[in-house]
2 protein chains.
Amino acid sequence: MDKYVQILKEHGLKVTPQRLEILRYLDMHKVHPTADIIYSELKKSNPSLSKTTVYNTLQHLGEHGLVYSLTISGSELRFDSNINQHHHFLCKTCGSIIDIDIECPNAKKVEAGGHRIDEVHGYFKGVCASCLKKLKNGDD
Amino acid sequence: MDKYVQILKEHGLKVTPQRLEILRYLDMHKVHPTADIIYSELKKSNPSLSKTTVYNTLQHLGEHGLVYSLTISGSELRFDSNINQHHHFLCKTCGSIIDIDIECPNAKKVEAGGHRIDEVHGYFKGVCASCLKKLKNGDD
DNA sequence: CTGTTATGTTGTAACGATTACAATCTAGGG
DNA sequence: CCCTAGATTGTAATCGTTACAACATAACAG
Ligand SMILES: [Mn+2]
Ligand SMILES: [Mn+2]
Ligand SMILES: [Zn+2]
Ligand SMILES: [Zn+2]
């Protein structure tokens, strides 16, 4: 049985072609795309796809813990199918969002305050190594 | 000389009544208000205030490091005049955004990857202690 | 103090991401 | 194979934010 079919079934979600394609797209493109990017790309092979379906599906997948939405940019949500705890770096020069494989060691302290934590988001913003290098080369 | 006048002058910003009021509002109301909340509140005493001015001013103050904008909610920016490094907790039940006084110990690791960090955002989302207590009491 | 000018303010219109809604379709159980 | 709850679609609406142009004013020189 197809990997993505299985994932949907395990979570009691109806298996539809749209859901399968969105799941697969996120799994194959780990650059934290927007809903609109996912829509535009998948529309190429499925011209009847609706943007509403992309939004609905991403929300469903999110509610079932299959995808994660990042608010790092402030203007649009970015989606991530990597469920493992990790942080993100947003380059303000090239716009790319880079995975930072660290876990937050502070969660315990927050829970000590009596709050219940469901999500941890660690965001860094600045200029990525690649863009810094380009800037330096342009100097001379 | 007024505290806020001094802050603006130190940063080479023209001193205007609007900027002074926005600075003061943020300093007096540390609940991470939206631009719209700031606008609505200040409009009471200055009916000619424009929403554009609030957005422009917040952006200027941000560029000069006098305020910080949080993308924690994903749907709207929240503003913070507390410049000291700290994290935030968003309660998905009552919507409040609570300061968490911890610094991120991971910044060094990110910089080790060659990236330049300008901003660090630590966000936790869940249910706050106060809302948890209410939920528990409602159980019986 | 007054005139000049760069900059700030205002109101309105435009924009872009997301959501609401109603009609149509379909996955999956019986 | 049929039924129906739930999914998909297209369109319109919403909401936060930004663009723009006319007008106003802070700050500085004289
Ligand atoms: Mn990621
Ligand atoms: Mn804060
Ligand atoms: Zn970059
Ligand atoms: Zn709460």
Side-chain angles (χ1 to χ4, degrees), chain A residues 1-2 4-23 25 32-43 45-64 66-67 69-79 95 97, chain B residues 1-2 4-23 25 32-43 45-64 66-67 69-79 95 97:
Chain A
M1 192 195 302
D2 185 84
Y4 305 107
V5 171
Q6 191 165 357
I7 292 175
L8 290 174
K9 287 194 171 172
E10 277 170 2
H11 287 265
L13 292 167
K14 271 193 188 174
V15 177
T16 70
Q18 293 86 348
R19 288 177 176 180
L20 289 173
E21 300 228 352
I22 290 169
L23 255 189
Y25 186 87
H32 317 99
T34 63
D36 196 65
I37 289 171
I38 298 168
Y39 167 72
S40 302
E41 289 302 307
L42 295 184
K43 200 169 177 63
S45 55
N46 174 7
S48 77
L49 179 66
S50 165
K51 199 175 277 190
T52 300
T53 298
V54 176
Y55 277 102
N56 286 342
T57 299
L58 289 169
Q59 180 153 341
H60 272 118
L61 296 178
E63 286 165 358
H64 287 265
L66 295 171
V67 307
S69 59
L70 311 179
T71 63
I72 190 170
S73 92
S75 62
E76 63 203 356
L77 290 179
R78 297 281 180 154
F79 295 90
I97 295 173
Chain B
M1 191 196 300
D2 184 83
Y4 304 106
V5 171
Q6 191 164 357
I7 292 175
L8 288 175
K9 287 195 171 171
E10 278 170 2
H11 287 265
L13 292 167
K14 273 194 186 171
V15 177
T16 69
Q18 292 86 347
R19 288 176 177 181
L20 290 173
E21 300 228 352
I22 290 168
L23 255 190
Y25 186 86
H32 318 97
T34 64
D36 196 65
I37 289 170
I38 298 168
Y39 167 72
S40 303
E41 288 303 306
L42 295 184
K43 199 169 177 65
S45 55
N46 174 9
S48 78
L49 179 66
S50 165
K51 198 175 279 190
T52 300
T53 297
V54 176
Y55 277 101
N56 286 342
T57 299
L58 290 170
Q59 180 153 342
H60 272 118
L61 297 177
E63 285 164 0
H64 288 265
L66 296 172
V67 307
S69 59
L70 311 179
T71 63
I72 191 169
S73 92
S75 62
E76 64 204 355
L77 289 179
R78 297 282 179 154
F79 295 91
I97 296 172

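Every chain is numbered from 1, with letters handed out A, B, ... down the list of sequences.
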- Message: Using the side-chain heavy atoms of A/Leu77, tell me which of these nucleotides is nearest: D/dT17, D/dT9, C/dT18.
- Response: C/dT18

- Mapping B/Ser75 and A/Val54 to their closest nucleotides on DNA chain D, which lands nearer the 5' end? A/Val54

- Query: Once you round it to whole Å, what is the distance between C1' of D/dA27 and NZ of B/Lys14?
  - Reply: 6 Å

- 5′-ward residue of the pair B/His60/A/Lys9 relative to DNA chain C: B/His60

- Task: Could you tell me whether the phosphate oxygens of D/dT8, OP1 or OP2, come under 4.0 Å of any side-chain nitrogen or oxygen in A/Thr16?
- Result: yes

- Message: If you compare all heavy atoms of B/Tyr25 against all heavy atoms of B/Pro33, which two are closest, and at what distance to 0.1 Å?
- Response: CE2-CG, 4.0 Å

- Message: Against A/Asp36, only a single residue in A/Arg78, A/Lys43, A/Lys51 fulfils salt bridge (charged side-chain N to carboxylate O under 4.0 Å, His left out); can you say which?
- Response: A/Lys51

- Task: Take atom CD1 of A/Ile38 and atom P of C/dA17, then tell me their distance rounded to the nearest Å.
- Result: 13 Å

- Message: Please evaluate residues B/Leu70 and B/Leu77 with respect to the criterion side chain to side chain contact (heavy atoms under 4.5 Å, CB included), reporting the C-alpha separation (whole Å), side-chain torsions for both, the decisive distance (0.1 Å), and the verdict.
- Response: CA-CA 6 Å; B/Leu70 311 179; B/Leu77 289 179; over 6 Å; no

- Query: Looking for any heavy atom pair under 4.0 Å, which part of the strands does B/Thr34 touch: base, sugar-phosphate only, or nothing?
  - Reply: nothing

- Is A/Ser50 near enough to D/dT8 that one of its side-chain N or O atoms lies under 4.0 angstrom from OP1 or OP2? no

- Test side chain to side chain contact (heavy atoms under 4.5 Å, CB included) on B/Leu8 and B/Leu23 and set out the steps. CA-CA 9 Å; B/Leu8 288 175; B/Leu23 255 190; 3.9 Å; yes

- Query: Within this structure, what is the CD1-to-P distance between B/Ile37 and D/dG16, rounded to whole angstrom?
  - Reply: 10 Å

- Is there a side-chain polar atom (N or O) of A/Tyr55 under 4.0 Å from OP1 or OP2 of C/dT18? yes

- Message: Reading DNA chain D from 5' onward, which residue's closest nucleotide shows up sooner: A/Pro17 or B/Asn56?
- Response: A/Pro17

- d(B/Thr52 OG1, B/Tyr55 OH) to nearest 0.5 Å is 9.0 Å

- Message: Taking only side-chain N and O atoms of B/Gln59, does any of them lie within less than 4.0 angstrom of OP1 or OP2 on D/dT17?
- Response: no

- Message: So, under a plain 3.5 Å distance rule, would you say the side chain of A/Thr52 forms a donor-acceptor pair with the base of C/dA20?
- Response: yes

- Could you say whether B/Arg19 or B/Lys51 is positioned toward the 5' end of DNA chain C, judged by the nucleotide with the nearest heavy atom to each? B/Arg19

